[in-house]
Amino acid sequence: MSQLSAGICRRLNEAPQEEIDQLASGHTVQLLSIKKVAPTTTSTTATDRFRIIISDGVHFVQAMLATQLNDLVANGDINKNTVVIIDKLACNFVQDKRLIIILDLHVVSRNEEKIGTPTAPPSTQDAPAPAVLEATSSSVTSPATSSSTGQAKPIQPQPRTGPSGRGGRSVYPIEGLSPYQNNWTIKARVTQKSDIRTWSNQRGEGKLFNVTLMDESGEIRGTGFNAVVDELYEKFEEGKVYYISKARVNLAKKKFSNLQNDYELSLEKNTEVEECLETTSVPMMKYNFVELSSLEKLERDNTCDVIGVIKEVGPLGEITSKATNRTIPKRDLTIVDMSQYSVRLTLWGKQAEQFAADDLPVVAFKGVKVGDFGGRTLSMVSSSIMTISPDIEEAHLLRGWYDGIGTEKNFQSHTSGSSGASFGGFNRNEMRHLSDVKESQLGMSDKAEFFSTRATIMHIKSENISYPACPTQGCNKKVVDLGSGWKCEKCDKTFERPEYRYIMSMAVADWSGQAWLQGFNEAGLAVFGKTADEVHEIKERNEAEYNALMAQASGVTFNFSCRAKQDTYNDQTRVRYGISRITSLDYHEEAKHFVNLLKSPWAQ
DNA sequence: CCCCCCCC
């Protein structure tokens, strides 16, 4: 049975803040409870927060687990009754309550019984009993439920005398910032500074910039507008550490934030920013790497951190933005990691132009955006950070692995199965059921969305499956029968006979549902095994034979790559599913795919 | 008060 550090809970409950930081480390406690705090927003991307109860065998107190430790909960590393040693904690006073945040810990033992019969420590006049911490903790995560804004008198944190103290003010952990406390100073490193951006919309125009601020407890985004840009933009330098105070703490709109923080800072006219040269306590960067194999689990538009070896550096290219019509340089990298997956990652703008590494370095990416084009892709966004050959353990491990055996590995691609990563290609790893296609409202946005599905033809609208087309290569326009010939308006030419091309609408079904798919020439060729000219000729000559051909086509199953897009026709808006590829089932190919699945890391 | 982050 473990020996707990009796007395620590009482001290945590009574000691003034400046002492708590010093007495914090090295104490052994038991976790009596780990509970997820109700999410702040309805957003599904809101970061989980865990409230824990720690016991020293005599007393217990409540605390919050820093979100950077959430993995310990998710992985089952810590549970009820786990005994841990606290390596680092912070305490801050929010109004009249104290909030203890466990910043780091390590496990001593699991599967223990509850040790002793701990009770709540006696309340003191100066320091409130932990019973009120319930309210404190939820006020951090659920400000909407708090009714006490501006009513209670905040306890002024005691000035720190240690080396990180400053001008009689206490340094707060970023994790502890909340809208209800404004007399704070954080000591944070600028891990990222945006360019100055301008905007102009109905509500007005202006300019702004963002910084990402980080300390050992967490991260927060800061934004400065207009005059504040002039005042502070030059002052902030990436990598440097600053004392920052008198900024406003707002609820972050999670939709737009990739940081693990429910709040963000609005840098105001009177916000104080002062460089701090004593920087050793502030980490350089914080990562929460995901393996490339598990990108499938992330939704499109999520952001994540990854680390990989650059296996391929694509050529500098450019695209023309549909929205702005501007030309933007881009460069695709292929990165691989120990999960034996590869993924394409796109750099934009200057970063694309200037990327010159030719020695296949290890690169860490923070806050890159997940795309789902043909599987999974990653893309740098303005808040992403790319670090080439970072001096971190994961990088050294990866380097060693890759130089040893990684070079010889085959990497599973996220972009497609056997047919290659072509646009709209069939992807066995990303098959959707028809009901899923409809339920997930694919194509309901302004953009076209692509999916792969396997379905059986139930019915083909037989009245009109082809049209007379211009025989000019690549024209395919409908031609008009003049009696004396067929005229193409586009080519301004008349032809003796047209070339029929398929245009067909078919109902397909799988076990989950059905859908109407629109197919063109390629689809007809696959379905009938004949050209549209041939089928048209049959229809003219022998209606019964034509009907038999139609009947034959029903009940056949194909692999489809489809494009879902909203379409307005006769004032009716609905999603249409176009067939971009159709292939007969190839059982050899299907079996090969299953074998690959069995060999892949996630089957082990 | 932005919140765009692009293309196949």
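Chain A is the first sequence line, chain B the second, and so forth, proteins listed ahead of strands; every chain is numbered from 1.
- Side-chain atoms of R203(A) lie closest to dC2(B) of the nucleotides dC5(B), dC2(B), dC7(B).
- No salt bridge links E268(A) with K246(A); every basic N to acidic carboxylate O contact stays at or beyond 4.0 Å.
- Stacking between W348(A) and dC5(B) is absent: the aromatic ring centre is not both under 5.5 angstrom from the base six-membered ring centre and within 30 degrees in plane angle.
- For the OP1/OP2 pair of dC2(B) and a distance below 4.0 Å, the side-chain nitrogens and oxygens of K207(A) include no atom meeting the criterion.
- Checking the phosphate oxygens (OP1, OP2) of dC6(B), a side-chain nitrogen or oxygen of S379(A) falls inside 4.0 Å.
- Between the P atom of dC1(B) and the CZ atom of R197(A) lies a distance of 13 Å, rounded to the nearest Å.
- One finds no side-chain N or O of R221(A) lying less than 4.0 angstrom from the OP1 or OP2 phosphate oxygen of dC2(B).
- The phosphate of dC1(B) has OP1 or OP2 within less than 4.0 Å of a side-chain N or O from K253(A).
- When each of dC5(B), dC2(B), dC6(B) is scored by its nearest atom to the side-chain atoms of S321(A), the top-ranked nucleotide is dC6(B).
- Remark on DNA chain B: of its neighbouring residues K322(A) and M380(A), the 5'-side contact belongs to M380(A), judged by nearest-heavy-atom nucleotide.
- With sequence neighbours excluded, the residues forming a side chain to side chain donor-acceptor pair (under 3.5 Å) with S321(A) are T324(A), listed by chain and number.
- At a threshold of 4.0 angstrom between heavy atoms, the contacts of E264(A) include nucleobase atoms, whether or not backbone atoms are also involved.
- Q202(A) places its CD atom 14 Å from the P atom of dC1(B), with the value rounded to the nearest Å.
- The side chain of K369(A) contributes an N or O atom lying less than 4.0 Å from OP1 or OP2 of dC6(B).
- S266(A) comes within 4.0 angstrom of nothing in the nucleic acid, heavy atoms only.
- Screening residues 327-341 of chain A for salt bridge (Lys or Arg N to Asp or Glu O under 4.0 Å), with sequence neighbours left out, gives K330(A)-D332(A), D332(A)-R344(A).
- At a threshold of 4.0 Å, the pair R221(A)-E264(A) counts as salt-bridged, since one of the basic side-chain nitrogens sits closer than that to a carboxylate oxygen.
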